[in-house]
Every structure is written in C-alpha cells, then in structure tokens.
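Taking it in order: structure first as structure tokens, then the write-up.
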Amino acid sequence: MRTKNMIFSLVMVFNLLYACKPYDIKNKSIEGIWNSIGYGEILKIDSTTYMNFDITNISCLPSKQGNISEVKNSIVLKNDTLVVKRGYSLYYYTRTNEFPDLCQKNTNDINDPLYNFEVFADTYKGHYAFFVLNEINWDSLYKTAKEKINSKTTEVELYLIIQEMIERLNDNHGSIEPTDEIYEKAEQLNIENEDIEELNSYGDFQVAGLVAEYYLKENLTKNSWLINWGKMENNIGYIQIKSMFLYADLSLNDSLVKENGFVPTYMDAFNKLSFEQQIEKEVTGIRKFMDTIMKDLKESKYIIIDVRFNGGGQDAVALEVLRHFNANRKQIASKKARHNDGFTKRTPIYLEPADNPYTKPVYLLTSQQSASATDMMALSSMELTQFKRIGSHTNGAISDALQKKLPNGWHFSLSNEIYTDKNDKCYENIGIPVDYELNYPEERQTFFRSVAEDLEKDKQSVLNAIRKLRNE
C-alpha cells in the first residue's frame, strides 16, 4: 500500500506565502470549494468541517471528512490558491465558484458494473502517468475491456476484467480491492486453473525475520516487529526495515487486535484520521525508533541497512530513516503529476538534515522486491555520499499510489506521478541500480528461498561485497 503512501521545499514556499501582502477578507478565507491541480479531488471547507471528494467526468464520491481543526494548521492560502501540506508534500488547489452538480446529486446506480468500469477508466485516462513509457494504446485497451461488460456482468467478472486491464497497463501501483467475498471467489477460480508447485513458500516478513536472527550477534531490538537492529561481528551495525508503514501510535484496542488481527484493526483506526494526521503519526512513530537505533549504533564501524524484503509504504517514513544519515539539506529528486493532457510543474524534493547524523559508511541492501517507498529510499540514497547499494536493483515502482474509490465501494490505486533524480533520469520499471551486483533472482519465491535456505551464504556474499567496496 504504498500509501506509498512525497517531499517538497516547504521553507521557500511558506516564506513566499506569508510574505505576501494581505488581501480582502473574502480572499483570505479558506472556506469555499477548491479543485485540486492534478489529483482529481474537490475539497469543500466551511467554518467547522472539511470534506474531500474524488471527482471524474462522470462521478463525484466522498473520500474523507472531519473537523476543520484536524487540517487547518496544514493549510496556507495565497490569493485564490490553497496549499495543503501532507507530511512533506504540498498539494495545490484553485478556488471554484460552485460545488459541482455531480457532487450534489447522482442518479446513476452505484452497483451498475458499466458505471463502475467507466469511473475506473476515466480515472486512469486522466491520471495514469506511464502510457508513453509502457507503450499503451489506451483506446484499444479500453474498448476491448468495455466490450466484455453488460448489465448481467457479475461482480467477480467485473473484478477480473479490471484486474486484467491493470496488468496490461503494467502499472506498478495499480490495484483493485473488492470485498473479501469477491476476492476469495476470484482467487478460487485462479486456483482451479493453475498448477500448484510443491515448493517451500515464504512471506516477506518471515524471510526477513530469519535473516535478522541469523545476522545479529547482539540483538538490540526493542518493542518492534517492523524493525530489527543490533550488531553483527566486528562491531558492524545492522538495521533491517520490514515495512515503511504501520508505525503510527493509534492506541489500538487489544481485544480488537486479538479478534481481528493487528493490520485490519490498525487500518480501521488509520482511515479515521485526516490525510495530514496519517502521515504525521507515521513519521512520528518511525522517528522514535530511529532516534533509539542511532544511539545504539553510533559507535559501530559502519551500518548495513537491509530493505531487501520491504515492499514499501509511506515515502515520508523512508525519508525520515535517511534523514538520520544526512548532514545538510539537499535536493534528492523531483516529481510531477499527470494533469489534463500533460503534467503539473516539476517540483523539487528535499531531504532534511539531522542534528547529529551518522556519517560513517552505510551499505543499503536492496533487491527487486524492494518497492515503492523503498524505491524512494534507494533513489534518495544516491545523493548521500557515504551510501553504497548492494544486491540487485529495486523494483522500480517509484510513483506514488493515487488512491481512489469506485461507486460500489471498491478501492483502487494507480501511478500518477513521475519521479526523477537530480539529472532528470526516471527509474520507473528499471529500478534503482546498485554499486555491487549480487544477481538476486527476479522471481519473488525463488529469491526468498535462495536466502532463507542458505543464510550463511547470503551473509557472506553481503560481507564480501562490502570488503571489496572498502578495498579490504
């Protein structure tokens, strides 16, 4: 989920905003109707509440609402442009005079399969960033998929049609999430049509746990199942980050966690927060861990950061980790979002410094399973001179995931942004390269098995690579 889950230059923008001469009372008010630039969203603000709506040419669906106090401190107004800060990202909105009719009344059947398909298709047509890169003939793809849908199309059939469409789009952050019942029925169909391999199968957290347990001679991990840290032999620091998400302190009910599981309980609480609160709490959570980790490992000879089994999460989490190794504010990348027939203005992304950064050598372990926010970590690491990357290139799913919802309640996401390094090079699909190649298998389970079933070989290959990079 990458609720991959975005960093902009805040100081310059906010200085400019606050330096502007005051305007009349009407223009100074944030109350009103606001249309986002590039993200398909309407924001409605009154004196006490805010409401977010996802909008296409044929739909307007509420996505988030709450008390204005939750977001007011994240909003700055300049003339008739509203700037909303979410984590380290800024989103721009222009004032519009009227609330769209689609948002006030909609006579479409929310369960009509063709209507849901058209909302999905219109969102992709307007926001997908990689039609050119992936050589997609949208008109042909759209027509072929639409011809499969009629009034009798079942929910399972609709899900499978959309899923196939996403696969053909080759969208790294493309996903469709139906109800559990629909998903299970579709999976059963897939199982019936596939041959099952009788080989060991590992989860990413599972193989990560095996590696951390084997690598760490002095395990200093405290109160965490998402990060392991400590020391290997010869005073080598080791940090393993399993996810770039789930770090917020949400005061979850223990009985609900026991009954429903941690992640579902976490997501129920997380989705009740504003977008701004979600990112703020995630960053606060990871910062507490990193502050502890850096104290524990400050005297280490060097540090290995292992994100080979990390499928992503929030970019803000990844950059908060890297901030602890950064001495000076620096631009690490830039991004632009799909907007109308082109893109929004390219925006620089910066990494903020730490007060007492770790500046000794750091070796970042990556694989083709390192995706989304972990891609962003690897991309940003190229601007930190003490970092070297070892393993295999990352997944190449670098764009943020634009989260949307269909009229029938299904959630879906797509890649709507193009990230580039400081030299304007895009790594979408190809991934971030390494400084020392270990030729990991591309297929997920083949890679997991190669590591889990020979942990000593895995560790020695990493240490040998480091020795060669250090000329030892």
Side-chain angles (χ1 to χ4, degrees), residues 1 35-36 38-42 51-65 98-132 134-190 192-193 271 337-341 399 401-416:
M1 80 175 324
N35 191 9
S36 72
Y39 291 85
E41 184 182 290
I42 293 289
M51 293 187 69
N52 293 94
F53 297 82
D54 290 331
I55 190 164
T56 69
N57 290 317
I58 59 173
S59 64
C60 180
L61 303 168
S63 62
K64 185 74 67 174
Q65 64 180 16
E98 296 182 358
F99 197 42
D101 288 340
L102 279 171
C103 301
Q104 301 180 67
K105 55 183 178 180
N106 190 340
T107 59
N108 290 286
D109 178 3
I110 62 172
N111 293 311
D112 177 28
L114 185 57
Y115 177 51
N116 279 275
F117 171 79
E118 292 289 11
V119 171
F120 169 84
D122 196 68
T123 304
Y124 255 93
K125 182 179 180 181
H127 295 283
Y128 186 47
F130 299 106
F131 285 121
V132 174
N134 293 331
E135 300 179 345
I136 303 298
N137 184 327
W138 170 255
D139 290 339
S140 175
L141 182 63
Y142 165 76
K143 181 181 178 182
T144 300
K146 184 177 178 179
E147 288 175 347
K148 300 176 182 178
I149 300 173
N150 56 53
S151 60
K152 296 181 179 180
T153 299
T154 67
E155 289 183 307
V156 172
E157 290 170 338
L158 177 63
Y159 165 67
L160 292 174
I161 291 168
I162 292 177
Q163 182 64 41
E164 180 183 8
M165 197 173 182
I166 291 172
E167 291 174 359
R168 292 185 179 277
L169 284 159
N170 194 28
D171 184 358
N172 292 314
H173 271 118
S175 68
I176 178 72
E177 300 176 18
T179 63
D180 290 342
E181 181 183 2
I182 299 302
Y183 179 79
E184 289 168 4
K185 287 181 179 179
E187 284 297 291
Q188 186 60 41
L189 288 175
N190 289 332
E192 292 173 357
N193 294 324
N271 287 330
R338 176 78 191 286
H339 179 52
N340 295 330
D341 293 327
S399 167
L402 182 63
Q403 305 286 338
K404 295 293 182 179
K405 187 169 70 173
L406 294 180
N408 65 7
W410 297 359
H411 292 270
F412 70 104
S413 65
L414 64 151
S415 302
N416 73 312

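The shown structure was predicted, so the numbers you read here are calculated from the model rather than taken from an experiment.
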Handout entry: Test item: Tyr115 side-chain N/O and Ile58 main-chain N/O as donor-acceptor pair under 3.5 Å
Key = yes
Practice task
Assess the side chains of Ser415 and Asp171: does a donor N or O sit below 3.5 Å from an acceptor N or O?
Solution key: yes
Handout entry: Point-to-point distance, once rounded to the nearest 0.5 Å, from NZ of Lys152 to CD of Glu157
Key = 11.5 Å
Exercise for the section: Check for a donor-acceptor pair, side chain of Lys125 on one end and backbone N or O of Tyr142 on the other, with a separation under 3.5 Å. Expected result: no
Practice task
Report yes if some heavy atom in the side chain of Ile55 is under 4.5 Å from a heavy atom in the side chain of Pro100; otherwise report no.
Solution key: yes
Completion exercise
On a heavy-atom basis, the closest approach of Asp54 and Ser63 is OD2-CB, 3.7 Å
Handout entry: Distance, nearest 0.5 Å, that separates CZ of Arg168 from CD1 of Ile136
Key = 10.0 Å
Exercise for the section: Kindly say whether Ile110 contributes a backbone atom to a donor-acceptor pair with the side chain of Asn116 at under 3.5 angstrom? Expected result: yes
Practice task
For the pair Trp410 and Tyr159, name the ring-plane relationship: parallel under 30°, tilted 30 to 60°, perpendicular over 60°.
Solution key: perpendicular
Practice task
Nearest 0.5 Å please: distance from the CD1 atom of Ile162 over to the CZ atom of Phe117.
Solution key: 7.0 Å
Exercise for the section: Could you tell me whether the side chains of Ser413 and Ser175 share a donor-acceptor contact shorter than 3.5 Å? Expected result: yes
Handout entry: Shortest non-hydrogen contact between Lys405 and Pro62, atoms and distance
Key = NZ-O, 3.6 Å
Practice task
Flag the pair Leu169 / Phe130 as yes when at least one side-chain heavy-atom distance between them is below 4.5 Å, and no otherwise.
Solution key: no
Problem - Check: Thr153 and Lys148 side chains under 4.5 Å, non-hydrogen atoms - result: no
Practice task
Please tell me if the side chains of Leu406 and Ile176 come closer than 4.5 Å, counting only heavy atoms from C-beta onward.
Solution key: yes
Handout entry: Glu167 vs Gln163 side-chain heavy atoms within contact, under 4.5 Å
Key = yes
Exercise for the section: Kindly check if the number of other-residue, nucleotide or ligand heavy atoms within 6.0 Å of CZ (Phe131) is above 12? Expected result: yes
Practice task
Please say whether more than 12 non-hydrogen atoms of neighbouring residues, nucleotides or ligands are located less than 6.0 Å from CD in Glu135.
Solution key: no
Problem - Within 6.0 angstrom of Gln104 CD, more than 12 heavy atoms from elsewhere - result: yes
Exercise for the section: Examine distances only and state if a side-chain atom of Asp122 and a backbone atom of Thr56 form a donor-acceptor pair shorter than 3.5 Å. Expected result: no
Handout entry: Interatomic spacing from CG in Leu114 to NZ in Lys146 - rounded to 0.5 Å
Key = 5.5 Å
Problem - Check: Ile42 and Phe99 side chains under 4.5 Å, non-hydrogen atoms - result: yes
Handout entry: Spatial distance of atom CD1 (Ile161) from atom CD1 (Ile166) [nearest 0.5 Å]
Key = 12.5 Å
Fill in the blank from the handout: When rounded to the nearest 0.5 Å, the distance separating OG1 of Thr123 from CD of Glu118 is 11.0 Å
Handout entry: Backbone of Asn416 reached by a side-chain donor or acceptor of Arg338 within 3.5 Å
Key = no
Problem - Ring geometry between Tyr124 and Phe120 (parallel below 30°, tilted from 30 to 60°, perpendicular above 60°) - result: tilted
